[in-house]
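There's a structure below that I have some questions on.
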Amino acid sequence: MAMEDWKVDGKKEEEQEQEQEQEESEQVVNPWVVSAKEGGKIDYDKLIIKFGCQKLDESLVQRIERLTNRPSHVFLRRGVFFAHRDLNEILNAYERGEKFYLYTGRGPSSEALHLGHLIPFMFTKYLQDVFRVPLVIQLTDDEKCMWKNLSVEESRRLARENAKDIIACGFDITRTFIFADFDYVGGEFYRNMVRVGKHVTLNKVAAIFGFTGEDHIGKINFPTVQAVPSFPTSFPHLFHGRDHLRCLIPCAIDQDPYFRMTRDVAPKIGYQKPALIESLFFPSLQGQAGKMSASDPNSAIYVTDSSKIIKNKVNRYAFSGGQDSIENHRKHGANLEVDIPIKYLGFFLDDDAELESIRREYEAGRMLTGEVKKRLIEVLSELVERHQRARSAVSEEMVDAFMAVRPLPNMFA
Ligand code: TRP
């Protein structure tokens, strides 16, 4: 009898392990978990197919250049923003002289942002500048309160601190409204949340977000909060009388599930579907297989890091595709596919010709890892120092001004 019990249990355990292995061997991407297949890297082509978005190809990048009469942003040229939904429709409308607005956001879960967090904001600033359109930025203090187990007060404090980093990215106050959910949700915004909520079943959110019976009910409704800034009627002080203004959302692709849901509901409640432009994830210093972990400060460069810390992190932790000895390196050259300094330079070194020459020399073994890292340290230190200067110039009054519920009379000028 005891023996049999043991067998049954033993088998159960085995089955559980198998299930777990199966799960681990699949890549998982949702707003809370990003993990590649065992030891591998994220397969973005697969993600495009799985999510049902479109590839942002060269011809679309050229179209943006033509329409804006400006060279495209590095993040477009280098494929950092690599997927989209209905971007063509937004551009068609823009070409006809119709305007749109931008919507992006941040979940304020930590005091200091790392470089990966800056990417959507740097890109959104570019979009705002070249298209000259209004922008709403949502700080989901409620989301982080529920998911990160922060108190309401602490989440609100972090939202305000993060707003300073966002403002430091250079947004135009005459076209930008920043809001925190704990302060702004109500009125038309809340009425839209209820309209959306009536069209999404528990089964549906469970399938999209993986909620289970163990999740508290606050989480289940949260997707409506992130959905409704996609609708202009949620901001009557900005868009009154422009109920059909289109919305374009720049974000990292892990946010796609929220907007799949939003786009599904929009026509059912008489609204336009928001369009999306979506980025890759920013790799950790340890490389593709390593996970960017909040508990490991050495896996990322923070906007609060000093030049000395940046130098130390890059030299010690940035995964190198160079060979193990100088002789081998001169002979075989670097493997650029796995090299983190090259990846980071691809995000942040503007000069195409210089990047190309570094890639060529490094790949051929004529340039050493230490030399590439040295250049990366310069580029990152400059970026971070510039950010720190801009952030220290952001006053409490400026935060209040960006977050004031007010009309923006010149937002399309
Ligand atoms: N959920 C996002 C995060 O955790 C924050 C967010 C809210 C957002 N609205 C958005 C991100 C719109 C991109 C676009 O960071």
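Order of listing sets the numbers, starting from 1, for every ligand and every atom in it. All of these numbers come straight from a predicted model, not from anything done at the bench.
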Atoms in ligand 1 flagged as close to E143, the criterion being non-hydrogen separation under 4.0 Å | 1 (N), 2 (C), 3 (C), 4 (O)
Ring center gap for F348 and F282 short of 6.0 angstrom = yes
Give the atoms of ligand 1, by number and element, whose distance to some non-hydrogen atom of R106 is under 4.0 Å.
-> 5 (C), 6 (C), 15 (O)
Shortest non-hydrogen pair, V130 vs Y94, comes out as O-OH, 4.2 Å
Take L91 and L60, measure what side chain to side chain contact (heavy atoms under 4.5 Å, CB included) needs, and give me the verdict at the end.
-> CA-CA 10 Å; L91 298 178; L60 203 41; 3.9 Å; yes
Indicate, as side chain, backbone, both or neither, the part of F259 found under 4.0 angstrom from ligand 1 when only non-hydrogen atoms are considered.
-> side chain
Between NZ of K144 and CG of L139, what distance do you get to the nearest 0.5 Å?
-> 11.5 Å
Given V405 and F177, is the side chain to side chain contact (heavy atoms under 4.5 Å, CB included) satisfied, shown in steps?
-> CA-CA 8 Å; V405 179; F177 172 53; 4.2 Å; yes
Y103, F121, F222: member with heavy atom nearest to atom 9 (N) of ligand 1 = Y103
Pair F347 and Y344, ring centroids less than 6.0 Å apart | no
Can you check whether F402 and F171 have ring centres sitting under 6.0 Å from each other?
-> no
Among protein heavy atoms, which sits nearest to atom 3 (C) of ligand 1, and what does the distance come to when rounded to 0.1 Å?
-> G107 N, 3.3 Å
Numbering the atoms of ligand 1 from 1, which are under 4.0 Å from a heavy atom of Q226?
-> 1 (N), 2 (C), 6 (C), 7 (C), 8 (C), 9 (N), 10 (C)
Taking non-hydrogen atoms only, is T140 closer than 4.0 angstrom to ligand 1 via side chain, backbone, both or neither?
-> side chain
May I ask you to identify the nearest protein heavy atom to atom 11 (C) of ligand 1, giving residue, atom name and distance to one decimal place in Å?
-> G105 O, 3.3 Å
Centroid-centroid under 6.0 Å between F222 and F209 rings = no
Looking at atom 2 (C) of ligand 1, what's its closest protein heavy atom, distance included?
-> Q255 OE1, 3.3 Å
For C251, the ligand 1 atoms with a heavy-atom partner under 4.0 Å come out as 13 (C), 14 (C)
What are the atoms of ligand 1, with element, lying closer than 4.0 Å to any heavy atom of Q138?
-> 7 (C), 9 (N)
Numbering the atoms of ligand 1 from 1, which are under 4.0 Å from a heavy atom of I249?
-> 14 (C)
Apply the test side chain to side chain donor-acceptor pair (under 3.5 Å) to residues R132 and N410: give CA-CA distance (whole Å), side-chain angles for both, the deciding distance (0.1 Å), then the verdict.
-> CA-CA 10 Å; R132 308 180 74 76; N410 296 316; over 6 Å; no
Quick one: which ligand 1 atoms are inside 4.0 Å of a heavy atom on K144?
-> 4 (O)
